[in-house]
Each structure stands twice: as C-alpha cells, then as structure tokens.
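Since the structure comes first, as structure tokens, the remarks are kept for the end.
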Amino acid sequence: MPELPEVQTVVTMLQPLVGRTIQKALVLHKPTVSGSAEKLERLRARKIERIHRRGKYIRFDLAGGQGLLIHLRMTGWLGELSADEKRPRIDPYIRVRMPLDDGRQHLVFSDIRTFGRVWYGAREALDAHRSMQALGPEPLEITVDDFTRRLKSHRGRVKPLLLNQSFLAGVGNIYADESLFAAGIHPLADASRLGAARAAQLHAAIQAVLNASIAAGGSSVENFLRPDGESGWYQRELRIYGRAGTPCTRCGGIVKRIVVGQRGTWFCGSCQKR
DNA sequence: ATCTATTCCTGGCTGC
DNA sequence: TGCAGCCAGGAATAGA
C-alpha cells in the first residue's frame, strides 16, 4: 500500500508531466471524486505547473490557481498511458482519465478497491481542506528535538501514534513496523515514556527506513506499482513486516504478529523491549 | 485524550 | 475445480 516512500516515488517519476497541459477530465467512477465529479469534468486546458507531495497526498498545481489533490489509499495507481494502451492490472480499474496536450497520452488514475480519492478546486481551498490542515510534520523534515517533544506529549501506545497522520504525515503500517524494529522498540510501548535516547533512535530509524525505501522505489506490497508499471524493490528489504513465524534477522527469535488498533503488527519479542 | 468498532471495496487466499 | 467466506487496511466517523 502506498505510504510516503511510494507516494514520493510516484511524484518523482511524474515530474516529466510538469509543463504539459491537462485538456479535460473524464470521470469513469463518480465516488472517486470528492466533491463534484461534474466540476472536475468541466476542467479545460490547464497547464501543470508543479507536482509535489504532502504526507501521502499528491498535489498537482495547475495554471490559474487551480489544483488536483490525489490520495492513492490502498490500491490507487497514477501514471501516463497512451490513449489506447491496455494493461491488465490497470485498465479495468481506471476511475479518472485526463487527456494531455494533443490527446494521444492520458494521465490516468486507476484504483482496484476504489478507496482512493481525487479533489479538484482552487489551491487555497485544497490547502484549507480539513484532512490537509490536520496533517502533522513531515517525518523527513522534523528535527529530533521536535520529534522527541511530540512523542512525550502523547500518552498512547507508540505504534498507533506513528500511524496517526496528525502526529506525523506519511508513515503507514509497513514503515511503522519497520521503524520500530530498527529502533528496537515494542509497538505497545507508551510513547510518552520512551525517554530521549530511545526517541532519538526512533527518529533516526524512521528517517533511515523511509530514505532507504525511497532509494529503492518503494515497496511493492498489495498491488503498488510505480507510474511506469514496474515494482519497487524495498519489499525485499523488509525485515519485520509480514514475516510472522520466521526467524528475526537480528537475534534469531521468532517474529510475532499481533493486532494493534485493528492493524496487523509484526515485531520481535526478544529484541523489541517494552 | 485515547481507544474501539464500523464503513468503504475487491482480489486473493483458505478450506471444504 | 468450484465456491463460500474471510482477510488485507487508510481514513472518516461514531460512540465509549
């Protein structure tokens, strides 16, 4: 599922679209568009000025102060296809199709489970959207001091806190487990009681894990494909996520799976202390 | 403030 | 082999 590294991979690979023009939008599945699908279908000839990321959201800045906001959720895919191109994992699930320039190429949003969402409107309105306003700091930008302070001010368990987008924007289930494993912290540990040294370890672990995954083009777990249709590589580097019953790569203990906050959670009971 | 359950959805897996 | 039933989970929401 797309988390920060996967979304960053998408944004990086879509940069060649900057300067090109979205001619119009065809909505094939109305619930994918938040607000009004008809409004998006009235879009005409907007040049793409910038493509960037905030948390797990993708933002297209369009000419005239307009913008598109896209969340891939579980199975969303965003990329450029020629108008008649067929790809078995993408084509049957196309929800929004946006012809570019002369119409020979299309920017396509495809999504198997239809959890993904597209918003269209004035950039200020997109920025003011409740879910954007609520986003916490970027995990690759926050300083260790700020991170430690924020951890201390929350009373709950550390794993659900890492998944909370108001606490930190962009970490999801895979990278929460990988980061906690790398830092040697139990997923049920009380966040406010971690102490400065362990908070610093967690901060470093989150940044190292996210950066390593970005360098690998993300993890292809549960359908994620890059805009070019290829897989990322980081799923091969996962050390704890999804490895229940296998030996821990650090200490040889057996990896456990529990459920925390309705999320599958993998950890090593021997080297992740509470 | 924090936690839990529910909803959305469908491909893929398990078990009979 | 065929099919029913269940599972995965990000985020919004409701309720405890």
Side-chain angles (χ1 to χ4, degrees), chain A residues 1-10 28-35 37 53-59 69-78 87-96 109-119 126 128-136 138-139 149-180 187-194 210 213 218-225 231 235 238 240-245 255 257-267:
Chain A
M1 44 245 142
E3 305 180 24
L4 189 152
E6 291 73 33
V7 176
Q8 184 59 54
T9 298
V10 171
L28 289 90
H29 185 256
K30 287 191 176 189
T32 294
V33 181
S34 273
R53 178 191 64 74
R54 174 80 173 98
K56 300 177 198 169
Y57 290 85
I58 299 166
R59 235 306 266 287
L69 190 64
I70 297 166
H71 198 303
L72 303 175
R73 289 283 186 96
M74 310 297 298
T75 55
W77 179 88
L78 196 59
R87 293 195 196 175
R89 297 294 298 158
I90 290 164
D91 199 65
Y93 313 106
I94 294 177
R95 310 305 182 188
V96 181
F109 180 72
S110 168
D111 187 16
I112 293 175
R113 286 191 232 176
T114 69
F115 282 10
R117 288 292 177 268
V118 176
W119 294 259
L126 297 177
H129 196 272
R130 190 146 56 109
S131 55
M132 294 298 286
Q133 287 290 313
L135 289 179
E138 285 290 324
R149 209 171 300 127
R150 287 174 75 80
L151 260 191
K152 273 197 176 138
S153 67
H154 288 270
R155 212 135 299 279
R157 302 165 302 176
V158 66
K159 159 111 190 221
L161 192 57
L162 293 180
L163 295 180
N164 182 345
Q165 301 300 296
S166 320
F167 176 72
L168 212 54
V171 176
N173 207 34
I174 295 174
Y175 299 106
D177 281 3
E178 292 296 317
S179 301
L180 289 169
L188 297 177
D190 185 341
S192 63
R193 293 184 176 191
L194 278 178
L210 294 179
S213 182
S219 304
S220 286
V221 174
E222 293 245 358
N223 303 292
F224 173 72
L225 293 176
S231 296
Q235 67 276 11
L238 296 177
I240 197 81
Y241 180 87
R243 299 179 56 96
V255 176
R257 180 188 189 275
I258 56 174
V259 174
V260 181
Q262 291 82 241
R263 296 285 170 269
T265 297
W266 289 266
F267 71 104

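Since we're looking at a predicted model, the values are computed, not measured. Reminder, nothing fancy here: chain letters follow the sequence lines and each chain counts from 1.
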field: A/Arg157 CZ to B/dT2 P, straight-line distance once rounded to whole Å
entry: 12 Å
- request: Check whether any side-chain nitrogen or oxygen of A/Tyr241 sits under 4.0 Å from OP1 or OP2 of C/dA8, and answer yes or no.
  value: no
task: Check whether any side-chain nitrogen or oxygen of A/Arg113 sits under 4.0 Å from OP1 or OP2 of B/dC8, and answer yes or no.
output: no
- prompt: A/Phe167 CZ to B/dC3 C1': how many Å, rounded?
  reply: 17 Å
message: Could you tell me how far apart A/Ile112 (CD1) and C/dC7 (C1') are, to the nearest whole angstrom?
response: 15 Å
Any donor-acceptor N/O pair, A/Glu178 side chain to A/Tyr241 backbone, under 3.5 Å: yes
- prompt: Closest heavy-atom contact between A/Ile112 and A/Arg95?
  reply: O-NH2, 3.2 Å
task: Report yes or no: do A/Tyr93 and A/Thr75 form a side-chain donor-acceptor pair below 3.5 Å?
output: no
Whichever of A/Arg155 and A/Arg95 has its nearest DNA chain B nucleotide further upstream toward 5': A/Arg155
task: Please confirm whether the backbone N or O of A/Trp266 pairs with a side-chain atom of A/Asp177, one donor and one acceptor, at under 3.5 Å?
output: yes
task: Take atom CG of A/Leu188 and atom P of B/dT2, then tell me their distance rounded to the nearest Å.
output: 16 Å
- line: Heavy-atom nearest pair, A/Asp111 first then A/Gly76, reads OD1-N, 3.3 Å
message: Strictly below 4.0 Å: does A/Tyr93 bring a side-chain N or O up to OP1 or OP2 of B/dT10?
response: no
- prompt: How close or far is atom C1' of B/dT6 from atom CD of A/Gln262, stated in whole angstroms?
  reply: 9 Å
query: Whole Å only: how far is the CG atom of A/Asp111 from the P atom of C/dG9?
result: 17 Å
- request: Give a yes/no on whether any side-chain N or O of A/His154 is located under 4.0 angstrom from OP1 or OP2 of B/dT2.
  value: yes
field: Option from A/Ile94, A/Asp91, A/Leu72, A/Thr32 for which side-chain contact (heavy atoms from CB on, under 4.5 Å) with A/Ser110 holds
entry: A/Ile94
task: Please confirm whether the backbone N or O of A/Met132 pairs with a side-chain atom of A/Arg54, one donor and one acceptor, at under 3.5 Å?
output: no
- line: Counting primed atoms, P, OP1 and OP2 as sugar-phosphate and everything else as base, the B/S/- map of nucleotides 10-16 of chain C against protein heavy atoms under 4.0 Å is BBSS---
